[in-house]
Amino acid sequence: MRILSVVGARPNFMKVAPIIKALACHPAGFSHILVHTGQHYDAKMSAAFFADLAMPRPDFDLGVGSGSHAVQTANVMLRIEPVLRDAAPDLVLVVGDVNSTVAAALTAKKLGLAVAHVEAGLRSFDMTMPEEINRLCTDVIADHLFTTDRIANANLRREGIPAERVHFVGNVMIDSLLAHRELAERRAFHASLGLTPRRYATLTLHRPSNVDDRDRLAGMLAGLAGLAAEMPVIFPVHPRTRSRIADVGLAPPDGDATRGIRLVDPLGYLEFLDLLMHSRLVLTDSGGIQEETTILGVPCVTLRDNTERPVTISEGTNRLAGTSRAGIVAAIAEALASPAVPRMPEKWDGRAAERIVEIIAGLRPGGR
Ligand code: UD1
């Protein structure tokens, strides 16, 4: 069987890497084609991850780059269509919820190709999130839906997706984490920043709803000021956020309310994993980081009003802070006061990619 996988943005790479390895190891002898849409293109947002995860070079790089949602989605569709038509894979595999995911799935499906969605069924129930729209649209057309937890299965059941299409396999992002944990630890990136384990916090912020609104961003940074007075808060800054911080004049000069927040460039996979695993506390609006901190046993404060990953709260180390200054201050205090121990939600055991490939191996040619 010929499998074509699509990656586009930073959180896709660590999800596809273990699937590529599992396909290569399987006795069925799959052929694999990797397409990079180019949604993320900076070396630190893309090439660094290919190196850290030992991923093969993409067979096709579509170079779509940045743009409005319509421009970016349409460009992926226009550029991937001839690739899909020529390659005629038995199955097109998409992961996550970025614009590249929905664009590739829609194009493949309209060419009559079978589509598999990895990380299906996650729902924030917040239609102002572009990712929620991407998730819903991808899931409704996918032939095979691979889920990370039972809540996702229940979401899909409620939406009328036939049960035979849905497979609870576990979490491929955790496959990557467990496979690279020791390597990351040996790199000891935190030490190169002069940090002592468990005596610093890590912060990430990139969602447009958080960083594009000046008042909200200022309020959030104010909510972190108390923590930053107690310990360094390391902030690897997404390109979108850096430009926003500069635009609104919030770059933290010495001595203002954000003292102690240390801005650094976006980090590679191993550097960031090391930074996470030694953190006292992680503050984030990312989805995947809520999952990674659960497995690592690091308290996570999510700077959003909702999460599509509630299992990280019920069975993990995560809590929702909202985005107000008071909510963030309270959530930080609670997180610091409660003991955090590593938790392993069901099937987050490092073998999700193997399960996915085993299911794919049982499909007929043509992927159905
Ligand atoms: C995208 C995903 C989001 C994911 C995030 C991870 C969608 C709708 N959003 O958001 O779900 O959590 O990736 O990072 O697909 N930029 C660069 N260099 C790059 C890439 C982007 O400078 O390599 C800048 C550009 O100014 C661009 C902006 O970041 O306009 C936003 O990039 P984009 O891919 O549109 O969305 P993200 O915010 O990265």
Side-chain angles (χ1 to χ4, degrees), residues 6-16 36-52 58 61-77 79-80 94-107 117-120 122-124 126-139 173 176 202-213 217 235-248 263-269 271-272 276 282 284-292 302-304 306-309 312:
V6 181
V7 292
R10 186 165 61 173
N12 293 160
F13 307 131
M14 63 291 263
K15 293 172 191 167
V16 166
H36 191 333
T37 67
Q39 177 173 345
H40 283 177
Y41 43 86
D42 282 352
K44 287 180 172 162
M45 301 292 284
S46 174
F49 286 77
F50 274 73
D52 281 356
D61 196 331
L62 308 180
V64 300
S66 302
S68 69
H69 285 270
V71 166
Q72 198 171 54
T73 309
N75 277 335
V76 174
M77 293 182 73
R79 293 184 196 189
I80 205 169
V94 298
V95 298
D97 55 16
V98 302
N99 286 344
S100 297
T101 308
V102 67
L106 193 51
T107 311
H117 184 208
V118 175
E119 207 180 81
L122 299 184
R123 297 288 180 267
S124 64
D126 175 0
M127 289 295 274
T128 65
M129 273 182 93
E131 293 82 0
E132 183 74 355
I133 300 166
N134 294 344
R135 289 188 280 260
L136 281 160
C137 294
T138 304
D139 285 344
M173 189 170 222
S176 271
T202 297
L203 167 68
T204 82
L205 274 181
H206 75 282
R207 293 215 173 270
S209 57
N210 279 340
V211 302
D212 289 358
D213 179 313
L217 183 56
F235 185 9
V237 190
H238 184 284
R240 171 197 284 280
T241 313
R242 185 169 295 267
S243 63
R244 290 294 177 261
I245 286 180
D247 285 353
V248 297
L263 275 62
V264 298
D265 281 341
L267 301 176
Y269 183 68
E271 290 171 337
F272 189 69
L276 276 188
V282 171
T284 190
D285 62 1
S286 146
I289 294 171
Q290 300 169 45
E291 300 179 337
E292 292 168 332
T302 294
L303 304 169
R304 290 171 45 187
N306 54 52
T307 177
E308 62 289 334
R309 291 162 163 92
T312 61

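Whatever order the structure lists them in is the order used to number ligands and atoms, beginning at 1.
Taking each heavy atom of H40 and R10 in turn, the nearest pair found is ND1-N, 2.9 Å. Contact between K44 and P266 at its shortest, heavy atoms only, is CD-O, 3.6 Å. Nearest heavy-atom pair, A105 versus T138, reported as atom, atom and distance to 0.1 Å: CB-CG2, 4.0 Å.
The protein heavy-atom contact nearest to atom 22 (O) of ligand 1 is P239 CB, 3.1 Å. The protein atom (non-hydrogen) at minimum distance from atom 2 (C) of ligand 1 is V98 CG1, 3.7 Å. Closest to atom 17 (C) of ligand 1 among all protein heavy atoms lies Y41 OH, 3.3 Å. Looking only at heavy atoms of the protein, atom 27 (C) of ligand 1 is closest to S66 OG, 3.2 Å. Protein heavy atom nearest atom 8 (C) of ligand 1, with residue, atom name and distance: N99 OD1, 3.2 Å. Closest to atom 29 (O) of ligand 1, if we only count protein heavy atoms, is H238 CE1, 3.6 Å.
Distances from atom 28 (C) of ligand 1 to the heavy atoms of R240, M129, R10 show the closest one on R240. Of the options H40, H206, R244, the smallest heavy-atom separation from atom 13 (O) of ligand 1 is shown by H40.
Partner of V6 under the side-chain contact (heavy atoms from CB on, under 4.5 Å) criterion, out of T107, T37, V76: T37 alone.
Going from atom CG of L205 over to atom CZ of R207 covers 10.5 Å, rounded to the nearest 0.5 Å.
Between the T241 side chain and the V237 main chain, no donor and acceptor come within less than 3.5 Å of each other. Under a 3.5 Å cut-off, the side chain of Q290 and the backbone N or O of S286 do form a donor-acceptor pair.
Looking at P11 against ligand 1, only its side chain comes within 4.0 Å, counting heavy atoms.
Listed by atom number, the atoms of ligand 1 under 4.0 Å from Q72 heavy atoms are 34 (O), 35 (O). Within ligand 1, the atoms closer than 4.0 Å to a non-hydrogen atom of E131 are 3 (C), 9 (N), 11 (O), numbered from 1 in the order shown.
Heavy-atom separations between H69 and ligand 1 include at least one value shorter than 4.0 Å.
Residues passing the ring-ring contact (aromatic ring centres under 6.0 Å, His included) test with H36, sequence neighbours excluded: F13, F50.
Salt-bridge check for E119 with R309: passed, with a basic side-chain N closer than 4.0 Å to an acidic carboxylate O.
An N or O contact shorter than 3.5 Å links D42 to ligand 1 by distance.
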